[in-house]
Amino acid sequence: MPIPEDVTGDEIDKDVRQELQSLPKTLAEDVAKNLVMVARLIDEDPEGAYGYSKVALRLASRVAAVREAAGFAAYASQKYSEALAEFRAARRMTGSAELWPVMADCERGLGRPEKALDMAGAPEVHKLDKAGQVEMRLVAAGARRDMGQLDAAIVTLQSPELASNSVQPWTARLRYAYADALLAAGRENEAREWFAKAVEADRDGSTDASDRLAELDGVEFVDALDENENESENESENESESESGNKEVEGGNEDQRDDSAASADATAAQDDDKD
């Protein structure tokens, strides 16, 4: 797949670059460029990112960072079975439990929420950092909802991290998930409160909490692009009507001129008869 000229491969994380040092220099550069493309496209064009990850995988399948990148690209493309296989491979190579929550979420994607819940109670969870534990809590709550256990999902999300007033990278998503679960359970007033708290914490717009809050408040937004298109259509219609009116006026003037000419001809004919 083509690599843009502005991609050098130097953009990758230093830890990943260190892993690639086990490869020949030229090969390492090629793999790095493909990994950069995966990171660049994964949010906006998951299928494109998946394509670049397959190239990197073909070039360096024994590098843990490559297997992890391939896993996230497959996950973003909803290829959960493939993602799970790549995450397992990366975990075997590193021995880290860091990928445990996303592996559990892949089980959810495959329609196995019970397996995800089993993983949420596994010893590996205790090896996770705070961010990883919050992520595992979100996955477990999602699994409960998959199983129709709304009240259990709400209880799962209730935690010191949810109650804390400090804003951490996971705060907005945790508050949003709690608000969404409350709303699904019919607790609209509480849901509104927590969507508002999610908005306060969502500094980078990672959720649509503000839209959900506005929806609960009965506020409707008009897309600026649609509004401009409507204005343009109205202007075009007005121009068409104006042109049509002008043509009618011009046609009327021509008719008047024809009538005047006919009248003049008739007068001239009468004068000739008199003569």
Side-chain angles (χ1 to χ4, degrees), residues 1-20 23 27-94 96-111 116 119 128-129 131-132 134-139 142 168-174 176-177 180 198 201-211:
M1 298 181 69
I3 303 290
E5 293 183 1
D6 65 317
V7 174
T8 64
D10 294 334
E11 302 89 341
I12 61 172
D13 183 83
K14 63 179 181 180
D15 292 334
V16 177
R17 188 180 299 112
Q18 187 173 355
E19 282 192 59
L20 296 181
L23 303 174
L27 179 59
E29 290 176 352
D30 289 342
V31 173
K33 290 178 181 179
N34 280 282
L35 292 180
V36 169
M37 292 305 299
V38 172
R40 178 179 288 190
L41 297 177
I42 196 163
D43 291 330
E44 301 298 328
D45 181 12
E47 287 296 333
Y50 176 76
Y52 282 103
S53 75
K54 298 298 284 185
V55 175
L57 196 59
R58 189 167 62 249
L59 295 173
S61 61
R62 295 184 180 182
V63 176
V66 172
R67 303 304 289 265
E68 183 176 328
F72 277 110
Y75 177 81
S77 301
Q78 299 184 2
K79 298 175 173 64
Y80 298 116
S81 181
E82 188 173 338
L84 185 58
E86 296 301 338
F87 288 141
R88 283 173 175 167
R91 184 169 176 270
R92 284 196 299 271
M93 293 176 179
T94 63
S96 172
E98 182 180 356
L99 296 172
W100 196 252
V102 71
M103 290 170 62
D105 206 39
C106 285
E107 295 288 359
R108 283 187 61 212
L110 291 169
M119 293 179 69
L128 298 170
D129 60 12
V134 170
E135 193 65 35
M136 192 72 250
R137 189 178 293 277
L138 287 167
V139 173
Q168 302 295 333
W170 60 77
T171 303
R173 292 179 58 240
L174 182 58
Y176 181 95
D180 193 48
D202 194 1
R203 296 168 179 170
D204 58 357
S206 60
T207 73
D208 65 346
S210 60
D211 292 340

Can you find a heavy atom in the side chain of F87 that is under 4.5 Å from one in the side chain of F72?
-> yes
Side chain to side chain contact (heavy atoms under 4.5 Å, CB included) between E86 and L57, worked out | CA-CA 10 Å; E86 296 301 338; L57 196 59; 3.5 Å; yes
Are the side chain of Y80 and the backbone of M103 linked by a donor-acceptor contact shorter than 3.5 Å?
-> no
Compare every heavy atom of A116 with every heavy atom of M136, then report the nearest pair and how far apart it is.
-> CE-O, 4.2 Å
CD of E47: more than 12 outside heavy atoms within 6.0 angstrom?
-> yes
What's the shortest heavy-atom distance between S53 and A70, and which atoms?
-> CB-CA, 3.8 Å
Going by atom types only, do D105 and Y75 share a side-chain donor-acceptor pair under 3.5 Å?
-> yes
Ionic contact status for E107 with R88, cut-off 4.0 Å | yes
Heavy-atom closest contact (G205 atom, D202 atom, distance) = N-OD1, 3.1 Å
Validation row: E19, M93 side chains within 4.5 angstrom (heavy atoms) = no
Which heavy atom in G48 sits nearest to a heavy atom in L41, and how many Å separate them?
-> C-CD1, 3.9 Å
In terms of heavy-atom contacts, does CZ of R173 have more than 12 from other residues, nucleotides or ligands at under 6.0 Å?
-> no
Expected output: side-chain R91 to main-chain A97 donor-acceptor under 3.5 Å = no
So do the side chains of L23 and L59 get within less than 4.5 Å of each other, counting heavy atoms only?
-> no
Please walk me through it: do V36 and Y52 pass side chain to side chain contact (heavy atoms under 4.5 Å, CB included)?
-> CA-CA 9 Å; V36 169; Y52 282 103; over 6 Å; no
